[in-house]
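Letters go in sequence order (proteins before strands), and every chain restarts at 1.
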Amino acid sequence: VLLHRMKAHKVDYWSRLGRLRRSQWVLAWEKVDRAVMSGRIVCDTYLAAKARADLVKSKSYSLTQLARSQLETPREDISFESIPGYFKSASSLAYLTEHCCFDTFLVIKLMSKLQVLPLTKQLTALAGNLWGRTMTGARAERNEYLLLHEFHKAKFIVPDKAIYTSQRGAGATQQDGDEDGGRKTEGRRKPAYAGGLVLEPKKGFYDKFVLMLDFNSLYPSIIQEYNICFTTVNRPVRSDDNPDDEPDVPDSALETGTLPKLLARLVDRRRQVKQLMKDPKATPTELAQYNIRQTALKLTANSMYGCLGFTNSRFYAKPLAMLITSKGREILQNTVGLAESKGLDVIYGDTDSIMIYTNTDSIDEVKTMGLDLKREVNKRYRLLEIEMDAFYQRMLLLKKKKYAAIVVTEVNGQLKTKMETKGLDLVRRDWCELSHSVSEFALNQILSGDGREEVLDRIHEYLAKVGRETRGGLVPIEKFIINKGMTKNAHEYADVKSQPHVQVAKRMIAKGISVRAGDTVPYVICTDHTAQGPSKTMAECAYHPDELRQPGSGLKIDFEWYLAQQVHPPVARLCAPIEGTDAGRLASCLGLDASRYHVASAVADMQQHTMLDAQISDEERFRNVDRLFVRCLRCNRSNPLIGVALSKVGYRGLRCPEENCGAVLPAPSIGFQLTAAIQQHIRRYQEGWLLCDDPACQTRTRMLSVRREKCMNAECLGGKSLAFSDKMLYNQLLYFDRVFNYDRALKHTTDESLRGMLSWATRCRSAAPCD
DNA sequence: GCCTGGAGCGC
DNA sequence: AGGCGCTCCAGGC
């Protein structure tokens, strides 16, 4: 924009934006921005913030968002469409101008906060590439230069640089809208080799310490430990038909290769820098510099592995990458084996880490346990080191790569706690803020350490409130906004109709708002009352928040969709391991139609029980249920009711089983007693007593329930489970059903007189259902 | 119910 | 213009 304004106003020396003196306007319009800046290093804080995603945890990388999260400075968002309006008066134009000036201030502050210049300078100095290229985030190129320098010093001839050709056939000339079915979309290709090992988690809620250990820089360490290098590993010639076998570890007698030497140097320098940081005389400025340096060293060492597996890298070496990950898997597996052989309970692990359930509340005990294991593991390796990484006071482990925990740290002898959340819907930007805040509440409750019933009561109550407030229109629009990133440009998506963000992006582009690959698109889901025709897909109901806010748009947020699709699923997933609630219950709290969930879960239960136990007879299945005792009004004796198939059944109903009585049991009386029995069992289930499953132990507790946990009794090796579980309750209720199930009895009995009776009773029942 | 893309995480 | 592993959601069949 600047350049074109300069040209329009015939500004001299317009080429001074860059350092090349240009006298002629020869640049192609598309490439102006790059070429015109030649000779200058451009720092794009948008790219820089994305590159430092490790520090910047932001839903989107807009200046407004970054100013808020990084600089704690509010910034007014001025929508693209409203800008022309600011030109209508001097005062509003001045306001807009000031806003722009403030933006430049924010950008500078952001650059300073993220330490973009010091860090990129260090990275560049290490790799020996061009600073300007580091700014644009060319990680592979940095790695290439690092290796080029290294191999040149060692007097090797390096591989030729392959000319970059896109492997995909999407030509830039294909502008016609014709959808070519056979064309592959750009994006992530399928994996070429195996990566890290992820252990199957032992899911559940843990309310005693979990110890987390991990290997320091696993892959760089493996390269050194096993002397993995282009110069040492015997690898097959690169061709299309070579076998994908992983190569052997080089002979231990071989001289240290270039790659391990390089990594050793990086690690050693980092150690030195960290040593300098311990100097009490170091000034804050020096400390900051040291910290940047050690970060750069670490980043450089850690990015080596990734570039070995990068197809378009000059130093692409799939066999080396394969060997590294393979050793990683082997190391993790061995570590798990060692821990388990010491009687430790490994509940999870991912690539370079393991988590151990310690079954103790004493942090000192945990430390002893950890040190002990650490010592044994580290004995096995020359360089490789495992380290205690964290102590989790409580932990909710839901799935692979999805968990939350209360982390305990010692600060000046004081124990501090903090919540850490990994992979949950809660940390993903494709869920709206409403969804996040509800999940956060539920998670805080679950991890609070309070009793189960209390926790569930509070969650249920909160959900009811959320349902009411949402439907009442009390929740601000912002809380409904969902953000999704564009991996491609809008027109490159093949499947547009199922992707809400693409639909919205296309409309934004039509309005002249720039949306490119890598940008984040915000949208809300609205109801469509105007359309009576075929129901619209979800994506077609997506609108940009500005479209919703537009006066007279007639759009309304689809509250029911949000409660059912954004709030309910994540909360249900969080509560899944907690006994005493389920998807149906949570849905009904939110005011949603719970029957769907009840039916679904009942069907699932039914299948689980009947499919698995298909061969089991009723006698076997109901061996442990409480019989339904019914008191006869005439003889006043209680007798177990065995069921319509076996009880004395008369034309007037069930009869008292007492030998000398046989009076008809009135239906209302049976109904009352049955209801009481059902209520009693449901209460028993809700009380949630936990019982050790070792019959000799018999320890009973009533805590926030877990699906899987060791018995409270320290000496006992048993596990804890509900004394009266959901399965037992189900079985109990199934028994009650069976007792009065005429249809089933009719199907199963061979007694002709009973058959007649039952079929008659069945007909009567359909005539007078209230009986 | 099974399969396939895409997103977006974790490491 | 580093890698793979793992949920989830939608949609098509």
Side-chain angles (χ1 to χ4, degrees), chain A residues 47 51 53-54 57 59 129 133-134 136-144 146-147 161-167 181 184-201 212 214-215 217-219 299-318 320-322 324-326 328-329 332 348-354 389 398-403 420-431 482-488 492-502 517-518 520-521 537-540 542 565-566 569-570 572-573:
Chain A
L47 289 176
D54 53 320
K57 281 199 292 182
K59 255 185 259 161
N129 63 329
R133 300 287 295 157
T134 305
T136 62
R139 210 190 311 200
E141 192 177 284
R142 248 164 46 219
N143 193 71
E144 180 184 332
L146 179 63
L147 291 181
K161 174 87 180 151
I163 297 158
Y164 182 86
T165 51
S166 172
Q167 298 207 335
K184 286 207 174 156
T185 49
E186 191 77 43
R188 225 168 103 164
R189 54 175 67 82
K190 62 175 195 262
Y193 61 94
L197 174 65
V198 185
L199 305 180
E200 190 57 47
M212 154 92 154
D214 72 346
F215 285 97
S217 311
L218 182 68
Y219 288 169
L299 287 175
T300 303
N302 284 343
S303 66
M304 187 63 69
Y305 153 74
C307 293
L308 293 177
F310 173 40
T311 331
N312 287 319
S313 164
R314 184 175 201 155
F315 292 95
Y316 173 60
K318 191 165 89 167
L320 297 191
M322 283 171 76
I324 292 166
T325 57
S326 155
R329 291 191 296 276
L332 183 64
Y348 181 57
D350 185 346
T351 309
D352 63 351
S353 67
I354 61 169
D389 186 64
L398 290 182
K399 285 272 167 67
K400 285 178 174 178
K401 300 181 189 284
K402 286 174 190 271
Y403 59 88
E420 198 173 282
T421 314
K422 291 288 167 69
L424 303 181
D425 303 315
L426 197 67
V427 303
R428 295 171 63 96
R429 69 154 167 266
D430 44 6
W431 297 91
I482 301 165
N483 291 290
K484 272 225 168 85
M486 304 276 295
T487 52
K488 296 183 280 198
E492 288 162 352
Y493 281 85
D495 183 19
V496 188
K497 57 177 179 293
S498 71
Q499 315 245 51
H501 61 304
V502 182
T520 306
V521 178
T537 65
M538 192 264 287
E540 288 168 326
Q565 304 298 324
Q566 288 273 312
R573 281 192 278 272

- Query: For D350(A) and K400(A), what are the C-alpha separation, side-chain angles and deciding distance, and is it a salt bridge (charged side-chain N to carboxylate O under 4.0 Å, His left out)?
  - Reply: CA-CA 8 Å; D350(A) 185 346; K400(A) 285 178 174 178; over 6 Å; no

- After noting the C-alpha distance and the side-chain angles of L197(A) and T351(A), does the key distance pass the side chain to side chain contact (heavy atoms under 4.5 Å, CB included) rule? CA-CA 5 Å; L197(A) 174 65; T351(A) 309; over 6 Å; no

- Message: Would E420(A) and K422(A) count as a salt bridge (charged side-chain N to carboxylate O under 4.0 Å, His left out) here? Give the steps.
- Response: CA-CA 7 Å; E420(A) 198 173 282; K422(A) 291 288 167 69; 3.5 Å; yes

- Item | Step-by-step side-chain hydrogen bond (donor to acceptor under 3.5 Å, both in side chains) determination, N143(A) to S313(A) | CA-CA 9 Å; N143(A) 193 71; S313(A) 164; 5.3 Å; no

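Taking the side chain of F310(A) as heavy atoms from C-beta on, and the options dC9(B), dC6(C), dA1(C), the nearest nucleotide is dA1(C). Comparing dC9(C), dC11(B), dG2(C) by their nearest atom to the side chain of D352(A) picks out dC11(B). Picking from dA10(C), dC9(B), dC4(C) the nucleotide with the shortest atom distance to the side chain of P191(A) gives dC4(C).
Judged by distance alone, with hydrogens and angles left aside, the side-chain atoms of R142(A) form no donor-acceptor pair with the main-chain N or O of N129(A) at under 3.5 Å. Listed for the Y403(A) side chain is no donor-acceptor partner under 3.5 Å among the backbone atoms of G423(A).
Distance OH (Y219(A)) to C1' (dC4(C)): 8 Å, rounded to an integer number of Å. A straight line from CZ of R189(A) to P of dC4(C) spans 9 Å, rounded to a whole angstrom. Atoms CG (L426(A)) and P (dG10(B)) sit 11 Å apart, rounded to a whole Å. Atom pair R133(A):CZ and dA1(C):C1' shows a separation of 8 Å (rounding to whole Å applied). L398(A) places its CG atom 17 Å from the P atom of dC9(B), with the value rounded to the nearest Å. Spacing between atom CZ of R573(A) and atom P of dC8(C) amounts to 5 Å, rounded to whole angstrom units. Taking atom CD on E540(A) and atom P on dA10(C), their separation rounds to 14 Å, with Å as the unit. In this structure, the CG atom of L199(A) is 13 Å from the C1' atom of dC6(C), given to the nearest Å.
Residue contacts for A140(A): at a heavy-atom cut-off of 4.0 Å it reaches the sugar-phosphate backbone alone, with no base atom in range.
Remark: K401(A) is not in phosphate contact with dC6(C), judged by side-chain N or O atoms under 4.0 Å from OP1 or OP2. Between R188(A) and dG2(C) there is no side-chain N or O to OP1 or OP2 distance below 4.0 Å. Side-chain N/O atoms of R428(A) include none lying less than 4.0 angstrom from OP1 or OP2 on dC8(C). The phosphate of dC11(B) (OP1 or OP2) has a side-chain N or O of Y403(A) nearer than 4.0 angstrom.
Between K399(A) and C307(A), it is C307(A) whose nearest contact on DNA chain C lies nearer the 5' terminus. Sequence order on DNA chain C of the closest nucleotides to G306(A) and E200(A) puts G306(A) first from the 5' end.
Every stem involving DNA chain C, taken as at least 3 paired positions in a row under the Watson-Crick or G-U wobble test at 3.5 Å, is listed here: B:1-11 with C:3-13.
A heavy-atom distance below 4.5 Å is found between the side chains of T325(A) and R329(A).
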